[in-house]
Structure formats: structure tokens, C-alpha cells
A.B. asks: 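Next up is a structure, given as C-alpha cells.
In this text, all values refer to a predicted model and were calculated from it rather than measured experimentally.
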Amino acid sequence: MIVGALAIVLGIVALAYPFAASLTATLFVGWSFVLMGLLQIFAAFRADSTGAKIVGGLLGVVAAAVGVHIVGEPLRGLLSLSLIAGILFLVSGAFKLVFGVVSFQGSARLALVLSGAISVVLGLMVLNNFPQSASVLLGLLLAVEMLSNGISAIALGLAVRNMENENAA
């Protein structure tokens with residue numbers, strides 16, 4: 001439950017300072033690309049075939065280079081990541097809408113169509129306000145994720161505590 005409370009506090013801080021949270025998220029993504037690129041390069045050396053070594057190594061170099069660029073120029077990285085997020089919201093929402101209408105019936109259809117519509121609206125909001133939306137988008141997404149994780153961690157902790165109390169009694 002301590003982790004949940006900490007996540008909620010950090011989520012509130014991210015909501016209060018969305019630009020700083022956006023830059024933090026951007027730097028985290030950049031360093032993640034650097035680390036994953038280096039791991040990919042290392043894995044390429046362990047590949048069996050020459051082709052796999054070349055492709056794996058090249059993908060690792062590209063990922064590491066993207067990470068270095070994002071870390072070196074976090075504001076440009078922030079713009080790029082926000083644009084990608086807007087496009088992903090729009091595309092994933094369109095797929096959910098189509099899939100929900102074509103493949104499901106009843107409440108599952110409603111949930112998928114509603115989720116798809118929300119994603120499309122979010123994507124349009126991000127893209128219509130780009131690049132202004134970039135300054136806060138990633139920070140707000142990070143804040144919502146941290147608040148959600150914190151609440152669920154506390155709920156899970158309370159549920160486990162209740163189960164332990166019931167088993168002890």
C-alpha cells in the first residue's frame with residue numbers, strides 16, 4: 001500500500017507540473033531506447049546466422065541512436081513522442097470502433113465502441129492542438145497512469161489484507 005500511496009502522490013505532482021512530468025517521461029523513453037538498443041546490439045552478437053547478426057545489430061544501433069537523440073534534445077523528443085501518441089490514439093481508436101461494430105454484440109460492443117470513440121476524440125484533440133498539446137500531453141498521461149496504478153495498488157493491498165484477516169479468523 002506504500003507503493004500505491006507514493007504513486008498517487010507522484011501522480012498529483014505530475015498533474016500539478018505537467019510540463020516537468022512530460023520532460024521526465026520523454027527522458028525516460030529516451031534512456032529506455034538507449035538501453036534497449038544496447039541490449040539489442042549485445043543480443044545480435046549472440047545470434048546464430050550472419051543475417052540475424054546484421055539485422056539485429058542495425059536495429060540496435062537505430063534504437064540507441066533514437067534514444068541518444070531524444071536524451072540530447074528532449075524538447076524535440078517531446079514533440080515527436082506527442083505526435084506519435086496522437087496518431088496512436090487516432091489509429092487504435094479507429095480499429096476499436098471498426099472491430100467493435102463488426103465483431104461484437106451486446107455490452108462488449110458498447111464498451112469497445114465507446115473506448116474507440118474516446119481514443120479517436122483524444123487523438124483528434126492532440127493532433128488539432130499540436131504542437132501546443134505536446135508541452136503537457138505526456139505529463140498528463142503519466143499522471144493519469146500513476147494515479148490509476150496507485151489506486152489499484154491500494155485496492156489490491158486492502159483486498160489482500162481482508163483475505164488474510166478472513167483466513168486468520
A.B. asks: Restricting to non-hydrogen atoms, name the atom on S22 and the atom on G139 that form the minimum distance, rounded to 0.1 Å.
C.D. replies: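 What the structure gives for the nearest pair is OG-N, 2.7 Å.
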A.B. asks: Is it true that V91 and V101 fall in one hydrophobic cluster, defined by side-chain heavy atoms closer than 4.5 Å?
C.D. replies: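 In one cluster: yes.
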A.B. asks: Could you pull out the closest heavy-atom pair between G56 and A44, with the gap in Å?
C.D. replies: C-CB, 3.6 Å
A.B. asks: Can you get from F19 to V71 by hopping between Ile, Leu, Val, Met, Phe, Trp and Tyr side chains that sit under 4.5 Å apart?
C.D. replies: no
A.B. asks: State the CE-CG distance between M125 and L90, to the nearest 0.5 angstrom.
C.D. replies: 13.0 Å
A.B. asks: Answer yes or no: is there a side-chain heavy-atom contact under 4.5 Å between L83 and L127?
C.D. replies: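 Side-chain contact under 4.5 Å: yes.
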A.B. asks: Of all heavy-atom pairs between A143 and A14, which one has the smallest distance, and what is that distance?
C.D. replies: CB-CB, 3.6 Å
A.B. asks: How long is the straight-line distance from CE of M36 back to CG of L59, given to the nearest 0.5 Å?
C.D. replies: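 If we round to the nearest 0.5 Å, L59:CG and M36:CE are 12.0 Å apart.
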A.B. asks: Out of the candidates L142, L140, L141, only one should pair with P18 under the side-chain contact (heavy atoms from CB on, under 4.5 Å) rule; please name it.
C.D. replies: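 Considering L142, L140, L141, a side-chain contact (heavy atoms from CB on, under 4.5 Å) with P18 is found only for L140.
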A.B. asks: Surrounding CZ of F95 (heavy atoms of other residues, nucleotides or ligands, distance under 6.0 Å), is the total greater than 12?
C.D. replies: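 Check fails, neighbour count at 12 or below.
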A.B. asks: Membership question, hydrophobic clusters at under 4.5 Å side-chain separation (ILVMFWY): are L81 and V62 in the same one?
C.D. replies: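 Same cluster: V62 reaches L81 through Ile, Leu, Val, Met, Phe, Trp or Tyr contacts under 4.5 Å.
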A.B. asks: Mind listing the closest non-hydrogen atom pair of V34 and V68 along with its distance?
C.D. replies: CG2-N, 3.5 Å
A.B. asks: Ignoring hydrogens and geometry, is there a side-chain-to-backbone donor-acceptor pair from S135 to Q132 under 3.5 Å?
C.D. replies: yes
A.B. asks: Look up atom CG in L75 and atom CG in L23, then write down how far apart they are to the nearest 0.5 Å.
C.D. replies: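 So the gap between those two atoms works out to 5.5 Å.
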A.B. asks: Taking atom CG of L158 and atom CG of N165, what is their separation to the nearest 0.5 Å?
C.D. replies: 10.5 Å
A.B. asks: Specify the closest pair of heavy atoms between L112 and F99, including all atoms of both residues, with the distance to one decimal.
C.D. replies: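 Heavy atoms of L112 and F99 come nearest at CD2-CD2, 3.5 Å.
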A.B. asks: Going by heavy atoms in the side chains, are S82 and L138 under 4.5 Å from each other?
C.D. replies: yes
A.B. asks: Going from CG on L79 to CD on E73, what distance comes out if it is rounded to the nearest 0.5 angstrom?
C.D. replies: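 Reported value, rounded in 0.5 Å steps: 11.0 Å.
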A.B. asks: Does any non-hydrogen side-chain atom of N129 lie less than 4.5 Å from one of L137?
C.D. replies: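 No, side chains not in contact.
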A.B. asks: Applying side chain to side chain donor-acceptor pair (under 3.5 Å), run through E166 and N162 and close with a yes or a no.
C.D. replies: CA-CA 6 Å; E166 289 174 5; N162 286 340; over 6 Å; no
A.B. asks: Give a yes or no on whether I151 and I12 share a hydrophobic cluster (residues Ile, Leu, Val, Met, Phe, Trp, Tyr; joining criterion: side-chain heavy atoms under 4.5 Å apart).
C.D. replies: yes
A.B. asks: Can you hop from L97 to I87 via hydrophobic side chains spaced under 4.5 Å?
C.D. replies: yes
A.B. asks: Does L38 reach the side chain of F33, with side-chain heavy atoms less than 4.5 Å apart?
C.D. replies: no
A.B. asks: State, to 0.1 Å, how close A52 and A47 come at their nearest heavy-atom pair, and which atoms those are.
C.D. replies: CB-CB, 3.8 Å
A.B. asks: Start with the C-alpha gap between L147 and L15, add the side-chain angles, then the distance that decides, and say whether side-chain contact (heavy atoms from CB on, under 4.5 Å) holds.
C.D. replies: CA-CA 10 Å; L147 289 168; L15 278 176; 3.5 Å; yes
A.B. asks: Under a 3.5 Å distance rule, please check whether S115 uses its side chain to pair with a backbone N or O of A111 as donor and acceptor.
C.D. replies: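 Such a contact is absent between S115 side chain and A111 backbone.
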A.B. asks: Which distance, rounded to the nearest 0.5 Å, do you find between the CD1 of I8 and the CD1 of I154?
C.D. replies: 3.5 Å
A.B. asks: Is a donor on one side and an acceptor on the other found under 3.5 Å between the side chain of S119 and the backbone of G93?
C.D. replies: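 Between the backbone of G93 and the side chain of S119 there is no qualifying donor-acceptor contact (under 3.5 Å).
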A.B. asks: Would you please test L122 and I118 for side-chain contact (heavy atoms from CB on, under 4.5 Å) and show each step?
C.D. replies: CA-CA 6 Å; L122 287 173; I118 290 170; 4.0 Å; yes
A.B. asks: State, with a plain yes or no, whether a side-chain heavy atom of V120 is found less than 4.5 Å away from one of L124.
C.D. replies: yes
